[in-house]
Amino acid sequence: MSDTIKENKFKAMLASDAFRSIASAVICALVGILVGFIILLIINAEHAPKAISVILKNFMYYRNNGKKLYYLGQTLVKAVPLILCGIAVLFAYKSGLFNIGVAGQYCIGIGISLWCALAWHLPWWLCLLLAVICAAVWASLAGLLKAFCNVNEVIAGIMLNWISLYIVNVLMQNERVMNVGKSETFSITQTSPGSLLPTLGLGKLFHDNEYVSIAIPLTILVAICVNIVLKKTVLGYELRATGLNKHAAKYAGMKDKKNLILTMAVSGAIAGLAAALFYLTDVQPWKTSSTVPAMGFNGIAVAFLGELNPIGVIFSGYFIQHITQGGSFIDTKYFNPQIADLISSIIIYSCAFMFLFKTQLSKLFDRKKKGESK
């Protein structure tokens, strides 16, 4: 009897939507890794197995435990903005909006946080707060256009992406914040130490990695809060209802225009937070760029790979960064380190077929169920 109960529970788990979502994400990852390995074989068959092994190992490549911990910390630090950009995309998407402008809002967050730190020498929490507020205001422009002029948020977001990039380039091209000769911002550590995010001793857990800060626990906290807001609060219900059908929501007494603007503002705030939590660690400077930061666009894939679940996005964001970071350890005599970016890109591209994978898995389990019933 107990075996039958266990078997039924196992079948119920296989038939659940959660299992199919996880299985689809795993298939996307495997497809990317397999295609990447085939490309490595074509380039250099002899060294391909070692190269794919190094990429997948990432920090485990080192034998020294200290170095393992240090580069694990480095991976976590660089996964933070990717995860938060994924959550920003997710929040808007759950509310019926496709916020392709996350890249621009992330860009605004970079500009404001670095200007506040390097030009005004403000404390870290104020740099963080101003970056979040400015990114939220910037994102709300697309929300206002959508609510009052019925301008598609995708078109508005794309245009605002480029405008934000040029604004930040102009803002940063200043001797107070940038080494104009190198076209990169000064080090926060040397210029304004008080603007750095506090570590609270977390760096010691990762072999004294100076870039590990409160950004990591804050990211997890944001994911949990967004999950609660969307699933357990009246506000979350109203936002999702407005996204599904704004006319029905308006008929039910909900303020559809206010909800559209608020959704974009919150999504933008999270994107601004992503930028500030990354750049205020001083892990890398901002360089004058001719292209919009890829982080915002990668966040779209991370959101879908995480099956539009804030907790799932934590794992998908880390996984993408793990693969990308692993590419820096491969032997450059035989392969270009960007092969890891290629694998990540294939995984991201595979996300477009996640719905197809889920549908096929559903059909497979339904056939099996019908066969057993006969």
Side-chain angles (χ1 to χ4, degrees), residues 25-40 43 47-62 67-89 102-103 106-107 110 206 209 211-212 215-216 219 223 271 274-275 277-279 281-287 289 291-306 312-332 334-352 354:
V26 171
I27 290 170
C28 286
L30 291 175
V31 166
I33 293 166
L34 180 61
V35 174
F37 181 56
I38 292 170
I39 293 169
L40 287 170
I43 296 169
H47 296 93
K50 185 179 179 182
I52 195 69
S53 173
V54 167
I55 290 170
L56 294 175
K57 283 180 179 179
N58 187 0
F59 57 87
M60 294 299 291
Y61 167 79
Y62 289 102
K67 283 191 174 182
K68 283 181 183 178
L69 287 172
Y70 184 89
Y71 284 101
L72 169 59
Q74 204 75 352
T75 305
L76 291 171
V77 168
K78 292 184 177 181
V80 162
L82 196 53
I83 292 168
L84 287 173
C85 283
I87 292 173
V89 172
V102 165
Y106 180 79
C107 212
I110 294 170
F206 298 91
N209 188 323
Y211 303 117
V212 175
I216 296 169
T219 299
L277 287 180
F278 184 63
Y279 280 88
T281 61
D282 206 26
V283 68
Q284 73 179 47
W286 163 263
K287 297 182 179 182
S289 177
T291 57
V292 178
M295 195 67 71
F297 299 113
N298 291 345
I300 297 171
V302 166
F304 284 95
L305 188 62
V313 168
I314 293 175
F315 294 101
S316 63
Y318 173 80
F319 175 73
I320 293 295
Q321 185 55 46
H322 181 93
I323 296 292
T324 305
Q325 187 82 6
S328 63
F329 299 120
I330 66 172
D331 194 334
T332 54
Y334 306 108
F335 303 102
N336 189 313
Q338 289 183 333
I339 192 71
D341 295 316
L342 176 61
I343 293 172
S344 298
S345 301
I346 295 166
I347 293 171
I348 289 167
Y349 183 76
S350 300
C351 292
M354 279 196 71

Measure across Ala51 and Leu40 and return the closest heavy-atom pair with its distance rounded to 0.1 Å. CB-CD1, 4.1 Å
Report all side-chain donor-acceptor pairs from residues 25-37 shorter than 3.5 Å, counting only partners two or more places apart or in another chain.
none

Taking CZ in Phe297 as the centre, count heavy atoms belonging to other residues, nucleotides or ligands within less than 6.0 Å. Is the count above 12? yes
Run the numbers on Tyr318 and Ile314 for side chain to side chain contact (heavy atoms under 4.5 Å, CB included), then give the verdict. CA-CA 6 Å; Tyr318 173 80; Ile314 293 175; 5.8 Å; no
Who pairs with Tyr70 by side chain to side chain donor-acceptor pair (under 3.5 Å), at least two apart in sequence or on another chain? none
Residues in ring pair (Phe, Tyr, Trp, His ring centres under 6.0 Å) with His47, at least two apart? Tyr334
Looking only at non-hydrogen atoms, find the nearest pair between Ala275 and Ile110 and report the distance. CB-N, 3.4 Å
Shortest non-hydrogen contact between Gly73 and Asn209, atoms and distance: C-ND2, 3.9 Å
Residue pair Val313 / Ile83: nearest heavy atoms and the distance that separates them: CG1-O, 3.4 Å
For Ile55 and Gly327 the tightest heavy-atom approach is CG1-CA, 4.2 Å
Test side chain to side chain contact (heavy atoms under 4.5 Å, CB included) applied to Leu76 and Val212, step by step: CA-CA 8 Å; Leu76 291 171; Val212 175; over 6 Å; no
Is the backbone N or O of His322 less than 3.5 Å from a side-chain atom of Thr75, with the two atoms forming a donor-acceptor pair by type? no
Can you name the residues that form a ring pair (Phe, Tyr, Trp, His ring centres under 6.0 Å) with Tyr71, not counting sequence neighbours? Tyr62, Phe329
Asn58 and side-chain contact (heavy atoms from CB on, under 4.5 Å): which partner among Lys68, Gln325, Gln74? Gln325
List for me each residue that meets side chain to side chain donor-acceptor pair (under 3.5 Å) alongside Asn298, sequence neighbours excluded, and say none if there are none. none
Return the set of residues passing side chain to side chain contact (heavy atoms under 4.5 Å, CB included) with Thr324 (not counting sequence neighbours), or none when no residue passes. Ile320, Gln321, Asp341, Ser344
I need the minimum non-hydrogen distance between Gly86 and Ala303, along with the two atoms involved. O-CB, 3.4 Å
